[in-house]
Peer 1: 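One structure, pasted below without further comment.
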There are 2 protein chains.
Amino acid sequence: MGETTTHRHRRRAETEAEIKAHAWAAMRESGPAVLSLRHVAREMGMAPSALYRYFASRNDLLTALIVDAYESLGEQVNETYVRASATGQNAFEVFMAVAHTYRGWAMSHRTEWALIFSTSLPDYNGTPETYAAAGRSFGVLIQLTADAVAGGLIDVDRLDRTLDDDLRTSMRVWAEHTGQELPAGALAGSMWCYSVMHGAISLDLNGQFPPPMADSPALFDSALRAMLAQLTPTD
Amino acid sequence: MGETTTHRHRRRAETEAEIKAHAWAAMRESGPAVLSLRHVAREMGMAPSALYRYFASRNDLLTALIVDAYESLGEQVNETYVRASATGQNAFEVFMAVAHTYRGWAMSHRTEWALIFSTSLPDYNGTPETYAAAGRSFGVLIQLTADAVAGGLIDVDRLDRTLDDDLRTSMRVWAEHTGQELPAGALAGSMWCYSVMHGAISLDLNGQFPPPMADSPALFDSALRAMLAQLTPTD
DNA sequence: TTCGCTGTGTGAACACTGTTCTCGTTGTGA
DNA sequence: TCACAACGAGAACAGTGTTCACACAGCGAA
């Protein structure tokens, strides 16, 4: 038998996609979190109740949208990782390329970003599916850390010594959980970089930076490079 | 005459506060962004329409709540700044104390944090009042930067040289806007620290860190110290 | 080919929501 | 004591997510 994709199946996938497309459009113009099923239905020329044939609830639709957003982000990030790695640059340069892709995605997909990273969606609760989707771009970060360690870019021993004991064991626990051979210090360093990256983007997107430094890739770049410099050996 | 606080005035202020208290309580248990005026009214034993004597709309109530949250945060941050400064510690140690207060507030006021920092509140738009309130804790950061520069903790010249030209001029523009004498490099450094601080908290609160390092003040601490180390002279 | 089932769409209904309006009542300053 | 502003109640309107009974279309099996 295999996958019998009947005519019905295809049509169903189409309408499903169309619903999501209209949902994105609505959120883009009215801001996220005001997604109205009735509005989408009206836009599509169908009864509100008909949407429930495709998504069991508003939350389910939101989950699907979030998963799609994660997938889009993960895909772009991963693609950049692969392409930049192929050029033979060292892991830090690859990381910078990935980070700029990450930031670029956030800037050009503000709605998606808000949907992913804003707690406080009305009544929405995260699901296992979203967590799984989130892991994908996180995996690239772990991979990059492993690359950097392999390339000798990280002063593993020094970083390890600076860590608090409890923190070091936390890192070890997680390191074993990843497939890679990751020293605690390196893992901590990657979390530092992740924090800078996420924080700079988040502040920028929310307009929490003073006006003249808003939407400044240069500030983002300098912040990340400052943190990376802290990881290198022979300071 | 002066301030004639009649009986009515006092009662009005009381109900206003009571409304906000009930609103916070409701958000705390049902998550933010599902604030329902009717629910608050029901809880208080009054008609929904009566609330409109105190807040012109749901957005106005939200604004008041956000301003209160900012004020609470700003107050705690400022208090820590004053107290820590009085002990004669250097500006970096004061900054660490302030940062921990900041993080502690975020952890113990998740609802308030979400209200402040989540874009994507349903239909809510920022107002001048909220921007003014936001500036208060930002001011402490600027003050700390000035203190650090005055204390010779920041390698101003080196940082200045590492900056992109456009970025440096952006920083200068903003530096003039603040009352303080802030070199561009130092200002950039403070933005880096702000990014780390905000990012680490944000990721932690949203559960975006791997489980074993969730809710870890040590990770937060190490990330900030790593960034601070990057600012000091004579590396 | 006809039967029956499953997938899809409809429209009415329910319980909500924010908001506005009109109508009383009640406290306060003159 | 009077007049007026402040306050509260209740009904109403338009909007929401969601459910339900119903009707039709398409498809596999008899």
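Within every chain, numbering begins at 1; the chains are lettered A, B, ... in the order of the sequence lines, protein sequences first and strands thereafter. Computation of the quantities below employed the complete heavy-atom set of this structure, encompassing side-chain atoms and omitting hydrogens, waters and symmetry-equivalent molecules. Here the structure is a predicted model, which means the values were calculated and not measured.
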Peer 1: Does a side chain donor of either B:S72 or B:W105 reach within less than 3.5 Å of an acceptor in the other side chain?
Peer 2: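 Judged by distance alone, the side chains do pair up.
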Peer 1: Can you find a side chain N or O atom of B:R58 that sits less than 4.0 Å from OP1 or OP2 on C:dT19?
Peer 2: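 False: B:R58 side-chain N/O out of range (4.0 Å or more) of C:dT19 OP1/OP2.
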Peer 1: Rounded to whole Å, how long is the line connecting atom CD of B:E43 with atom C1' of C:dC16?
Peer 2: 16 Å
Peer 1: Going through the checks in order, is the salt bridge (charged side-chain N to carboxylate O under 4.0 Å, His left out) test met by A:R28 and A:E112?
Peer 2: CA-CA 9 Å; A:R28 257 184 271 275; A:E112 285 86 337; 3.1 Å; yes
Peer 1: How many whole angstroms separate atom CZ of A:R11 from atom C1' of C:dG7?
Peer 2: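 For the pair A:R11 CZ and C:dG7 C1', the rounded distance is 12 Å.
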Peer 1: For B:L51, answer base if it contacts any base atom (sugar-phosphate contacts may also be present), sugar-phosphate if it contacts only those atoms, and nothing otherwise; contact means non-hydrogen atoms under 4.0 Å.
Peer 2: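 B:L51: no heavy atom of the nucleic acid under 4.0 Å.
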Peer 1: Check every strand shown and say whether A:T15 touches a base, only sugar-phosphate, or nothing at a heavy-atom separation below 4.0 Å.
Peer 2: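 Answer is nothing: A:T15 stays at 4.0 Å or more from every strand.
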Peer 1: Rounded to whole Å, how long is the line connecting atom CG of A:L37 with atom C1' of C:dT17?
Peer 2: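 Rounded to whole Å, this separation is 15 Å.
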Peer 1: Taking atom C1' of D:dG15 as reference, at what distance in whole Å does atom NE2 of A:H39 sit?
Peer 2: 13 Å
Peer 1: For the pair made of CZ in A:R10 and P in C:dG7, what is the distance, rounded to whole Å?
Peer 2: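 So the CZ-P distance, A:R10 to C:dG7, works out to 17 Å.
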Peer 1: Please report, rounded to the nearest Å, how far the P atom of C:dG27 is from the CZ atom of B:R12.
Peer 2: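 Nearest whole value for this atom pair: 16 Å.
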Peer 1: Please determine whether a side-chain nitrogen or oxygen atom of B:R53 lies at a distance below 4.0 Å from atom OP1 or OP2 of D:dC7.
Peer 2: no
Peer 1: Hey, would you say the B:H100 and B:F220 ring centroids sit under 6.0 Å apart?
Peer 2: yes
Peer 1: Select one nucleotide: of C:dG18, D:dA9, D:dC7, the one nearest the side-chain heavy atoms of B:S36.
Peer 2: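 From the listed options, C:dG18 comes nearest.
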Peer 1: Compare side-chain N and O positions of B:R42 against OP1 and OP2 of C:dT17 and report whether any pair is under 4.0 Å apart.
Peer 2: yes
Peer 1: Just say parallel, tilted or perpendicular for the rings of B:Y194 and A:F209, cut-offs at 30° and 60°.
Peer 2: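 Perpendicular: the ring planes of B:Y194 and A:F209 meet at over 60°.
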Peer 1: Could you please name the option among C:dG9, D:dG17, C:dT20 that lies closest to any side-chain atom of A:M46?
Peer 2: C:dG9
Peer 1: For atom CD of A:E71, is the number of surrounding heavy atoms from other residues, nucleotides or ligands below 6.0 Å larger than 12?
Peer 2: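 Atom CD in A:E71 is packed in, count exceeds 12.
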Peer 1: Rounded to whole angstrom units, what separation is found between the CD atom of A:E18 and the C1' atom of C:dT8?
Peer 2: 15 Å
Peer 1: Within less than 4.0 Å of OP1 or OP2 of C:dT20, is there a side-chain N or O belonging to B:S49?
Peer 2: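 Result: no.
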Peer 1: Figure out the OH/P separation between B:Y52 and C:dC21, and round it to whole Å.
Peer 2: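 The answer, rounded to whole Å, is 12 Å.
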Peer 1: Base, sugar-phosphate alone, or nothing: which one does B:L61 contact when heavy atoms must sit under 4.0 Å apart?
Peer 2: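 Contact class for B:L61: none.
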Peer 1: What's the closest nucleotide to the side chain of A:A47 if the choices are D:dG8, C:dT10, D:dT18?
Peer 2: C:dT10
Peer 1: It should be established whether B:Y54 places a side-chain nitrogen or oxygen under 4.0 Å from OP1 or OP2 of nucleotide D:dG8.
Peer 2: yes
Peer 1: Check this for me: does the side-chain of A:R38 come within 3.5 Å of the base of D:dG17 through a donor and an acceptor?
Peer 2: yes
